**Student:** 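What follows is a single structure, and I will ask about it in a moment.
Labels below follow one simple rule: chain letters A, B, ... track the order of the sequence lines, proteins then strands, and each chain is numbered from 1. Owing to the predicted nature of the structure, the values given are computational and were not obtained by experimental measurement.
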Amino acid sequence: MINKLGIIYRAFGSAKLAIFLFFALALTSIMGTVVPQGLSPEKCRSLYSSGLYSFLDFFDIFDMFHSWWFTVLLGLLAVNLIVCTVTQFRRIYSVYLVPGRGIDDDTVFQSSQFKKSYRSDKGLSEIEGQSKRLLKSLIGRPVSVRRGGSSYLFAEKGKYSRLGVVFVHLSVLFILAGSLIAAIWGFDGRMTIVEGETSNRVFLSGEGHAVMLDFDIRCNDFTVDFYEKGVPKEYLSDLSILEKGKEVLSAPVRVNHPLRYRGLKFYQTTYGVAQKSYFLVKVRNKRTGEETLMKMGMMEKVPLPGAEAQLAIGEFRPDYQGRGPAVLGVLFEEGKPHRMFWIRKEGMFEKSKEDGNFTFNLEDFKRYYYTGLRVTKNPGMPLVWDGFLLVLIGFILNLFFAHERIWVRISDLKEGCEISVAAGSSKRREVLEKKLHKFSRKLGLE
Amino acid sequence: MNDTYIVSIVTFIYFFAAFFYLISLVFRKRFADGAASALLFSGISVHTIAIIVRWVRSYQLGIGHAPLSNFYESLVFFSWAIIFVYLIIMRRYKSGLIGIVASFFAFIILAYASLSGQVADHIQPLVPALQSNWLISHVVSSFLAYACFAISFGASIFYLISPRVSVLADRKLWDEITYKMVSMGFVLLTLGIITGAAWADRAWGRYWGWDPKETWSLITWLIYGAFLHARLVAGWKGVKMSIISILGFLAVIFTYLGVNYILSGLHSYL
């Protein structure tokens with residue numbers, strides 16, 4: 001029974017399983033980038049033939065990164081990592097970290113990366129004292145032990161760099177654990193608030209239902225800035241947090257600068273012109289000379305007086321090309337393709353030179369923006385950050401530190417003594433080689 | 001002087017470097033090797049100046065930002081990174097052969113950026129999502145990683161064709177360079193993904209969202225992760241390793257270009 005468990009344990013900790021999982025995750029992930037993820041079922045159905053749709057749907061390909069089988073793969077990776085990390089740590093601990101290990105181990109003088117043997121006519125204690133001082137300056141304070149007629153010295157440095165690889169593996173486990181916690185206890189939603197209004201309703205992504213926060217958020221103001229060419233420069237929501245109707249906090253929220261409050265984070269994600277805005281557009285029919293003032297909302301077609309035509313407003317710019325506020329008008333005329341043009345106070349301008357039947361002026365407007373915020377709660381985030389930190393520590397240990405070890409055995413002979421030196425380094429052997437040369441030169445052995 | 005003009009000069013410097021490396025390879029002339037290295041050193045100096053000039057120019061235009069924010073700028077930095085990484089490892093391996101790969105890649109990339117006319121080379125203002133301190137660390141680590149992978153790709157190709165090409169006979173060297181460049185690239189790619197995740201958390205409200213760019217960077221990471229485990233733990237050797245390294249580089253290319261040209265996602269500015 002124990003034996004069988006051992007086999008299973010080893011199978012879960014094998015490098016083959018790790019390599020298989022790497023390739024399996026990579027291959028399946030490709031599918032998740034080719035097939036669009038997280039769309040509505042109707043949208044997915046329209047993209048594929050019904051046979052292909054049912055096949056893809058059966059395997060949850062439309063949301064494959066959250067499917068049961070992808071989760072199983074990640075779970076297997078976690079098990080593989082746990083077993084590997086434990087095995088690895090135990091091996092590193094017993095080979096490199098157990099205090100006092102192998103000081104008087106004679107085999108190292110045959111098996112090490114570097115091994116040399118010298119004779120000296122100086123006495124054992126003189127060589128021993130000199131060696132200790134040298135080792136201390138080259139690597140670190142040596143430990144020593146006497147056995148039989150020999151004195152054993154051992155010095156090392158950077159032994160904890162061996163743990164770099166453990167940290168790297170542990171970090172992936174931290175990140176997986178963090179994402180598991182987020183999936184269970186976190187949430188991710190969106191809320192929209194019109195300027196001047198207050199809300200506590202957050203619509204959860206994917207699930208379609210809303211949760212109510214036990215505090216309110218008021219959007220005092222929203223502004224959007226553009227560069228000269230109409231590229232957005234900054235979105236800024238001025239938000240206030242209200243606890244039981246009392247304002248406790250007021251802060252600006254911009255892209256890349258979220259607001260944190262009571263374990264939640266609020267991100268600026270989108271904005272738009274709210275329904276309650278209106279625009280007063282003066283329409284002049286060029287043929288009849290008739291002028292009408294129309295009160296229009298966003299995105300609604302309004303029939304123009306005395307003609308088979310309709311106008312809609314598609315977009316609002318607070319400052320269009322540095323020439324003041326403008327709205328994008330869309331004109332639908334019977335039997336003609338629709339036309340688009342910007343309407344300002346002074347009139348309209350458009351790229352097409354075609355002479356239309358109407359002129360428009362933006363006489364007045366009352367514009368309210370709404371701000372779109374992403375609201376997230378992620379209790380797994382600290383673990384993920386720790387994972388990132390661990391991976392960095394692991395790489396730094398691995399790249400910039402070497403574990404260097406030097407063993408020295410000084411055996412008493414009738415005339416003088418025999419000195420055996422062995423050494424090993426986890427990397428940059430040439431550095432250790434130089435140190436060894438210095439060691440034997442200073443002892444007068446070379 | 002305009003930085004795009006300087007870049008087009010650098011393009012030719014890298015071309016001649018590649019040419020001299022080729023001469024040194026075919027005719028075994030040592031002077032050609034030296035000339036090529038000298039060209040690369042002067043090339044990267046001028047290249048660096050071009051990047052700085054562009055940086056300064058963006059401030060003069062009042063939209064100051066590091067020149068790492070659109071396709072053109074990423075190509076210019078990518079080729080810079082390839083030469084940079086090559087010049088670092090050149091001292092160690094003392095082989096101009098891998099220099100052919102580096103200077104040829106750098107030349108092709110710059111030629112595409114500055115001569116094709118397909119790539120918009122004017123300085124663009126930063127949209128709000130890109131206005132972040134993470135921009136520099138994320139882009140620099142990602143492209144240094146790509147550069148390491150480009151060189152490991154070249155070394156793997158050399159490994160595969162070395163039995164047929166006598167000058168490339170030193171298979172151990174190609175194997176060693178492939179491994180070293182993959183390990184370095186893996187560390188840098190990890191850094192690129194971490195800085196990207198930290199940035200995505202600030203800008204988009206999540207550190208990971210299975211966006212195609214993110215997913216493809218993970219696919220690349222997994223392939224090179226498999227490479228390192230196959231070599232260090234499972235003891236795989238030879239042709240198999242070269243093939244994994246080549247697959248990894250194809251994934252790099254797809255992460256860099258394919259995602260933006262074929263798939264769609266949040267990461268539309270490259």
**Student:** Less than 4.5 Å to any heavy atom of chain A: does that hold for the side chain of B:Ala251, its backbone, both, or neither?
**Tutor:**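 Contact with chain A is absent: no heavy atom of B:Ala251 under 4.5 Å.
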
**Student:** How about OH on A:Tyr9, more than 12 heavy atoms from neighbouring residues, nucleotides or ligands closer than 6.0 Å, or not?
**Tutor:**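 Above 12, so yes.
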
**Student:** Could you tell me whether A:Arg90 atom CZ has more than 12 heavy atoms of other residues or ligands within 6.0 Å of it?
**Tutor:**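 It does not: A:Arg90 CZ has 12 such atoms or fewer within range.
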
**Student:** Do the side chains of A:Gln37 and B:Trp210 get nearer than 4.5 Å, heavy atoms only?
**Tutor:**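 Side-chain contact under 4.5 Å: no.
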
**Student:** How many angstroms lie between CZ in B:Arg202 and NZ in A:Lys265, if you round to the nearest 0.5 Å?
**Tutor:**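 Reported value, rounded in 0.5 Å steps: 7.5 Å.
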
**Student:** CG of B:Leu222 to CD1 of A:Ile19: how many Å apart, nearest 0.5 Å?
**Tutor:**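 That separation rounds to 12.5 Å.
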
**Student:** With a 4.5 Å heavy-atom cut-off, do B:Asp201 and A:Trp385 have their side chains touching?
**Tutor:**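 Counting from C-beta outward, B:Asp201 and A:Trp385 do come under 4.5 Å.
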
**Student:** With a 4.5 angstrom heavy-atom cut-off, is it the side chain or the backbone of B:Phe254 that approaches chain A, or both, or neither?
**Tutor:**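 Neither; nothing under 4.5 Å.
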
**Student:** Listed by residue number, which members of residues 390-398 of chain A have a heavy atom under 4.5 Å from any heavy atom of chain B?
**Tutor:**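 Interface residues of residues 390-398 of chain A: A:Val391, A:Leu392, A:Phe395.
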
**Student:** In terms of heavy-atom pairs under 4.5 Å, which option from B:Ala198, B:Ser132, B:Ala234, B:Pro125 contacts chain A the most?
**Tutor:**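 Going by pairs under 4.5 Å, I would pick B:Pro125.
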
**Student:** To the nearest 0.5 angstrom, please state how far the CD1 atom of A:Ile175 sits from the CH2 atom of B:Trp208.
**Tutor:**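 Answer for the CD1-CH2 pair, A:Ile175 versus B:Trp208, is 10.0 Å.
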
**Student:** If we define contacts as heavy-atom pairs under 4.5 Å, which of B:Val187, B:Thr190, B:Val233, B:Ile244 has the most with chain A?
**Tutor:**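 Going by pairs under 4.5 Å, I would pick B:Val187.
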
**Student:** Considering only heavy atoms, give the residues of residues 23-36 of chain A separated from chain B by less than 4.5 Å, sorted numerically, with 'none' for an empty result.
**Tutor:**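 So far as heavy atoms go, A:Phe23, A:Leu25, A:Ala26, A:Ser29, A:Ile30, A:Thr33, A:Val34 are the residues that approach chain B to under 4.5 Å.
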
**Student:** Step through the shown structure and confirm whether more than 12 heavy atoms of other residues, nucleotides or ligands are within 6.0 Å of CZ on B:Phe186.
**Tutor:**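 For B:Phe186, atom CZ is crowded (more than 12 foreign heavy atoms under 6.0 Å).
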
**Student:** Indicate yes or no for a side-chain donor-acceptor contact from A:Tyr227 to the backbone of B:Val127 under 3.5 Å, with no hydrogens or angles considered.
**Tutor:**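 Judged by distance alone, no pair lies under 3.5 Å.
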
**Student:** Quick one: CZ on A:Phe22 to CH2 on B:Trp221, what's the gap to the nearest 0.5 Å?
**Tutor:**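 These two atoms lie 5.5 Å from each other.
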
**Student:** Contact part of A:Ser14 toward chain B, heavy-atom cut-off under 4.5 Å: side chain, backbone, both or neither?
**Tutor:**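 Answer is neither: A:Ser14 stays 4.5 Å or more from chain B.
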
**Student:** If you count heavy-atom pairs under 4.5 Å with chain A, which of B:Ala197, B:Gly205, B:Ser183, B:Ala203 comes out on top?
**Tutor:**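 It is B:Gly205.
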
**Student:** CZ of A:Arg317: more than 12 outside heavy atoms within 6.0 angstrom?
**Tutor:**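 Correct, the count exceeds 12.
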
**Student:** Just give me the residue among B:Ile219, B:Ile223, B:Thr220, B:Asn133 that pairs up with chain A most often, heavy atom to heavy atom, under 4.5 Å.
**Tutor:**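 Top count of heavy-atom pairs under 4.5 Å with chain A: B:Ile219.
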
**Student:** What part of A:Val375 lies closer than 4.5 angstrom to a heavy atom of chain B: side chain, backbone, both or neither?
**Tutor:**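 Looking at A:Val375, nothing touches chain B.
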
**Student:** For the CZ atom on A:Phe65, are there more than 12 heavy atoms of other groups (residues, nucleotides or ligands in this structure) within a distance under 6.0 Å?
**Tutor:**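 It does: A:Phe65 CZ has more than 12 such atoms within range.
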
**Student:** Does atom NZ (A:Lys427) have a neighbourhood of more than 12 heavy atoms from anything else shown, all under 6.0 Å?
**Tutor:**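 Counting neighbours around NZ of A:Lys427, more than 12 heavy atoms of other residues, nucleotides or ligands fall under 6.0 Å, so yes.
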
**Student:** Less than 4.5 Å to any heavy atom of chain A: does that hold for the side chain of B:Ile63, its backbone, both, or neither?
**Tutor:**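 Side chain only.
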
**Student:** Any chance CZ of A:Phe20 has more than 12 other-residue heavy atoms, nucleotides or ligands included, within less than 6.0 Å?
**Tutor:**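 For A:Phe20, atom CZ is not crowded (no more than 12 foreign heavy atoms under 6.0 Å).
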
**Student:** So how far is it from A:Asn256 CG to B:Trp204 CH2, rounded to the nearest 0.5 Å?
**Tutor:**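 Result: 9.5 Å between the selected atoms.
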
**Student:** Distance from B:His229 atom NE2 to A:Lys16 atom NZ, nearest 0.5 Å?
**Tutor:**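 If I round to the nearest 0.5 Å, the distance is 15.5 Å.
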
